[in-house]
Amino acid sequence: VVLAIENHIDLLADELLELVTTIDSPFLGVCLDTANNLRMFEDPLEVARKLAPYARATHVKDITTQRGNPREFAFWPSVPIGEGLIDIGAVFELLRASNYSGLLALEIDYLHPAWHRADGDDEKAIGASLAAMRGLIAATAA
């Protein structure tokens with residue numbers, strides 16, 4: 001059994017990296033969330049560069065901003081992959097370079113109000129995200 005600690009809006013990348021490298025166990029790694037550290041004002045690609053070698057799982061998420069306080073969770077809603085601020089293609093390249101072969105799990109946590117409606121747009125956001133991920137996977141495999 002491997003424990004993968006998510007970078008989950010409570011530890012900066014260097015703090016999680018220090019934890020994993022200090023324990024230095026093959027049974028401890030990271031669940032790399034592609035967007036959470038942006039909510040803590042860290043560069044998502046720099047976070048991925050640091051944590052990808054320790055990734056044992058992923059939460060592939062793209063986010064954008066909306067009005068409000070950037071220190072509030074609601075300021076950073078999820079959007080379909082490719083429509084937000086995260087360079088998911090570059091993250092996939094970093095994961096590939098680190099020989100990550102695990103699951104790329106799509107996560108949408110707080111869907112942007114423009115996508116979150118009662119008429120099934122949640123499912124459209126998921127479909128658009130999966131299509132974008134497939135394209136990025138194909139591009140990084142080439």
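- Under a hydrophobic-cluster definition in which Ile, Leu, Val, Met, Phe, Trp and Tyr are linked whenever side-chain heavy atoms come within less than 4.5 Å, directly or via other members, Ile63 and Leu106 are assigned to the same cluster.
- With rounding to the nearest 0.5 Å, the separation of CD1 in Ile86 from CG in Asn37 is 9.5 Å.
- Across Phe92 and Ile137, no two heavy atoms sit closer than the pair CE2-CG1, 3.7 Å.
- The hydrophobic clustering, which links ILVMFWY residues whose side-chain heavy atoms are closer than 4.5 Å, places Phe41 and Leu45 together.
- Here the straight-line distance linking atom CH2 of Trp115 with atom CD of Glu83 works out to 5.0 Å at 0.5 Å rounding.
- The same ILVMFWY cluster, assembled from side-chain heavy atoms under 4.5 Å apart, contains both Leu17 and Leu3.
- Across Val2 and Leu28, no two heavy atoms sit closer than the pair CG1-N, 4.4 Å.
- Residues Pro44 and Leu85 are not in side-chain contact: their nearest non-hydrogen atoms beyond the backbone lie 4.5 Å or more apart.
- The CG atom of Leu94 lies 13.5 Å from the OH atom of Tyr100; values are rounded to the nearest 0.5 Å.
- In this structure, Ala4 and Ala57 approach most closely via the heavy-atom pair CB-CB, 4.4 Å.
- Distance check, rounded to the nearest 0.5 Å: NZ of Lys124 to OG of Ser129 gives 14.0 Å.
- Annotation for Lys61 and Ile88: closest pair O-CD1, 3.6 Å, computed over non-hydrogen atoms.
- With no hydrogens or angles considered, no side-chain donor-acceptor pair links Asn36 and Asn7 at under 3.5 Å.
- In this structure, the side chains of Ile5 and Leu16 come closer than 4.5 Å at one or more pairs of heavy atoms.
- A distance of 12.0 Å separates OG1 in Thr34 from CG in Leu51, rounded to the nearest 0.5 Å.
- A side-chain donor-acceptor contact under 3.5 Å links Arg96 to the backbone of Thr140.
- Rounded to the nearest 0.5 Å, atoms CD (Gln66) and CZ (Phe75) are 8.5 Å apart.
- Between Leu136 and Ile81 there is a side-chain heavy-atom pair separated by less than 4.5 Å.
- Across all non-hydrogen atoms, the minimal contact from His112 to Thr65 is NE2-O, 4.4 Å.
- The same ILVMFWY cluster, assembled from side-chain heavy atoms under 4.5 Å apart, contains both Val91 and Leu130.
- The shortest heavy-atom contact between Ala13 and Lys50 is CB-CD, 4.2 Å.
- Partners of Glu93 according to the side chain to side chain donor-acceptor pair (under 3.5 Å) rule, which considers only residues two or more places apart in sequence or in another chain, do not exist here.
- Counting only heavy atoms from C-beta outward, the side chains of Leu95 and Leu104 approach each other to under 4.5 Å.
- Qualifying side-chain contact (heavy atoms from CB on, under 4.5 Å) partners for Arg67, counting only residues two or more places apart in sequence or in other chains: none.
- For the pair Trp76 and Pro70, the minimum side-chain heavy-atom distance is below 4.5 Å.
- No continuous path of hydrophobic side-chain contacts links Val79 to Phe73 [ILVMFWY only; heavy atoms under 4.5 Å].
- In this structure the side chain of Val30 never reaches within 4.5 angstrom of the side chain of Arg56, judged on heavy atoms.
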With side chain to side chain contact (heavy atoms under 4.5 Å, CB included) as the criterion, how do Tyr54 and Leu32 come out once you've worked through the C-alpha distance, each side chain's angles and the decisive distance to 0.1 Å? CA-CA 9 Å; Tyr54 304 95; Leu32 177 61; over 6 Å; no
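- Here the side chain of Ser25 pairs a donor or acceptor atom with the backbone of Phe27 at under 3.5 angstrom.
- Here the side chain of Glu72 pairs no donor or acceptor atom with the backbone of Asn69 at under 3.5 angstrom.
- In this structure, the side chain of Ser78 engages the main chain of Asp109 through a donor-acceptor pair within 3.5 Å.
- Side chains of Leu111 and Asp122 form a contact here, defined as non-hydrogen atoms less than 4.5 Å apart.
- Met40 places none of its side-chain heavy atoms less than 4.5 Å from the side chain of His8.
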